[in-house]
Protein chains: 2
Amino acid sequence: MSESTAAPLVPTTSIPTPQTRDGNASLRVARGLREAIVAGEYPPGSRLRQEEIAERFGASRVPVREALKVLEADGLITLVANAGAWVSQLTLAECEEVYQTRERVEPLLLRLAAGSITDETLDELDSLAEAMVATDDVEEFLRLDRAFHLAMYAGARTLVLSDLVERLWNSTQPYRRAYTLMIDAHSQRIVHDEHHMLVTALREADVDSAERILEGHIRRTRRRLAAHPQLFADTTTDRPTTPRQTTPRQKGPSWPSQ
Amino acid sequence: MSESTAAPLVPTTSIPTPQTRDGNASLRVARGLREAIVAGEYPPGSRLRQEEIAERFGASRVPVREALKVLEADGLITLVANAGAWVSQLTLAECEEVYQTRERVEPLLLRLAAGSITDETLDELDSLAEAMVATDDVEEFLRLDRAFHLAMYAGARTLVLSDLVERLWNSTQPYRRAYTLMIDAHSQRIVHDEHHMLVTALREADVDSAERILEGHIRRTRRRLAAHPQLFADTTTDRPTTPRQTTPRQKGPSWPSQ
DNA sequence: AATCTTGTGATTGGATGCAATCCCGTCTAC
DNA sequence: GTAGACGGGATTGCATCCAATCACAAGATT
């Protein structure tokens with residue numbers, strides 16, 4: 001490239017600041033990497049190399065490391081000092097913990113949001129629930145499910161709580177995906193009924209019922225997940241049978257302790 | 001490569017690594033700064049300068065920035081791009097949000113911990129509750145209150161949930177402190193009674209009652225806080241009456257949006 | 001033959017330096 | 001007297017560079 005300039009110094013790869021704009025690089029990396037993990041691009045246990053991520057997002061390793069700290073706090077990845085970063089692997093117990101937390105927290109968020117749910121929102125919820133029945137694409141199903149729940153909560157003028165709920169959703173997304181892949185028609189029908197009952201309760205402005213239905217909905221999902229322990233990291237085997245290839249099954253705790 | 005090391009270069013400034021040890025600096029900074037904020041050393045609204053923190057903890061600005069990211073995720077501080085970091089200021093609404101979340105989440109954690117509470121723990125809880133009545137030092141009171149609750153939860157073999165509860169405690173600590181300063185004898189007596197009832201319920205292994213008592217305990221504290229809105233940042237005045245001296249009241253949202 | 005030791009390559013952690021941006025006191029205009 | 005503009009100084013954001021640590025493979029010893 002580039003003989004036009006006599007001085008071959010200054011490599012600069014043509015553009016001086018290709019994407020330094022956009023305000024702040026670490027935010028961009030955190031957002032993008034979070035999306036990629038939630039989308040399943042990096043499955044649980046994947047090793048995340050700083051330089052690879054840096055190159056992918058057109059940044060240096062410094063903002064990447066800041067983003068990794070954020071994602072660790074999100075519970076999405078696990079950092080081990082001087083060793084590296086891995087996408088978090090949840091044990092069944094940890095996943096149930098997150099779901100039990102959701103059972104308590106999401107009904108509250110729904111209550112806080114219920115007041116400002118409009119008729120248009122209710123119609124939108126109905127069509128989302130319908131679309132979930134119609135599709136048989138797993139990714140589409142997951143997207144619709146997430147959209148359904150977040151649409152219910154959209155009216156809440158909260159920051160802390162909606163943030164928390166989104167984190168809880170993100171950290172369990174891989175397991176919802178794995179489970180959805182093996183879901184049967186019967187369970188799918190139940191999910192649909194529960195969603196429909198939720199919209200009905202909301203339409204009648206019966207917040208107490210809506211809370212209870214939502215709690216039961218999450219609890220049933222948790223129970224169904226618990227019936228498939230093979231989806232999770234095994235707690236019994238401390239020494240991994242797989243001698244750690246590119247993905248050391250458990251380099252540190254699957255969830256950072258602090 | 002090279003010769004047999006005839007050259008005694010290597011300045012090494014006497015001590016090779018004065019405090020590089022200790023594993024990792026950003027963890028040390030995050031821990032120390034969190035303690036300092038929770039201890040009230042930096043009140044809400046304080047500006048946090050990277051270089052000052054770096055010097056305080058004997059590190060450079062890079063690990064400090066990583067620590068700031070972690071504390072932002074904790075909800076303890078608020079980062080604004082290209083502007084700086086401030087200790088988070090909660091509005092009354094945000095503080096109530098956190099308390100409502102605690103009302104739902106802490107009873108669950110108590111339930112999960114209840115199974116492994118020993119008699120010694122119960123005695124310890126009793127003495128902590130007694131000590132709270134005895135003292136009239138605010139900091140001591142806060143420390144004991146925190147110790148009481150965390151001791152109840154100590155037996156829970158959870159990581160996500162206990163982490164979450166600790167974060168919720170930390171982010172509301174300044175307001176508990178401000179409130180405790182103006183607490184009357186009557187309210188203090190109620191707190192003591194609730195703590196005593198909690199221990200009693202736990203001693204009788206009545207988890208359902210314990211959950212309800214704990215929920216009511218937190219709710220009553222929230223109500224008392226709400227009766228003192230002057231403790232919080234004001235939502236009505238968008239332009240701060242105080243023209244921002246060292247502490248710009250609201251540079252961005254008091255809680256990071258993502 | 002199995003285990004311990006040693007050394008090399010790869011990866012992470014942290015310090016320094018520089019460009020971009022913002023804060024804030026001061027000045028100007030109405 | 002109040003609101004807006006402006007420029008110096010301070011502070012943040014990021015890239016590069018170097019040291020420290022770890023993983024892993026080859027060799028030596030019992």
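Chain identifiers are assigned alphabetically (A, B, ...) following the order of the sequence lines, protein sequences preceding nucleic acid strands; residue numbering begins at 1 within each chain. In this text the structure is predicted, and so the values were computed from the model without any measurement.
- Taking atom CD of Q50(B) as the reference point, atom P of dA15(C) lies 13 Å away to the nearest angstrom.
- A straight line from CG of L68(B) to C1' of dG13(D) spans 13 Å, rounded to a whole angstrom.
- Which of dG13(D), dC22(C), dG14(C) sits closest to the side chain of R65(B) comes down to dG13(D).
- Distance CG (N82(B)) to P (dT21(C)): 7 Å, rounded to an integer number of Å.
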message: Working note: L161(A) + Y153(A), criterion side chain to side chain contact (heavy atoms under 4.5 Å, CB included); need CA distance, chi angles, decisive distance, verdict.
response: CA-CA 10 Å; L161(A) 193 49; Y153(A) 312 142; over 6 Å; no

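- Of the residues near DNA chain D, P63(A) and E51(B), the one whose nearest nucleotide (by heavy atom distance) lies more toward the 5' end is E51(B).
- One side chain, T172(B) or R176(B), offers a donor N or O that lies under 3.5 Å from an acceptor on the other.
- When rounded to the nearest whole Å, the span between CG of L79(B) and C1' of dC22(C) equals 15 Å.
- At whole-Å resolution of the value, CZ in F57(A) and P in dA15(D) are 14 Å apart.
- In summary, R65(B) and E72(B) do not engage in a salt bridge, as defined by a charged side-chain N under 4.0 Å from a carboxylate O.
- Contact check, R47(A) against dT12(C): a side-chain N or O comes under 4.0 Å of OP1 or OP2.
- A straight line from CZ of R61(A) to C1' of dC18(D) spans 11 Å, rounded to a whole angstrom.
- The aromatic rings of H149(A) and W169(A) lie tilted to each other, with the angle between the two planes from 30° to 60°.
- In this entry the distance linking CH2 of W86(B) with P of dC22(C) reads 11 Å, nearest Å.
- Nearest to the side-chain atoms of R49(A) among the listed nucleotides dG13(C), dT11(C), dG14(C) stands dT11(C).
- Within 4.0 Å (heavy atoms only), L48(A) reaches sugar-phosphate atoms of the nucleic acid but no base atom.
- At whole-Å resolution of the value, CD in E66(B) and P in dG14(C) are 6 Å apart.
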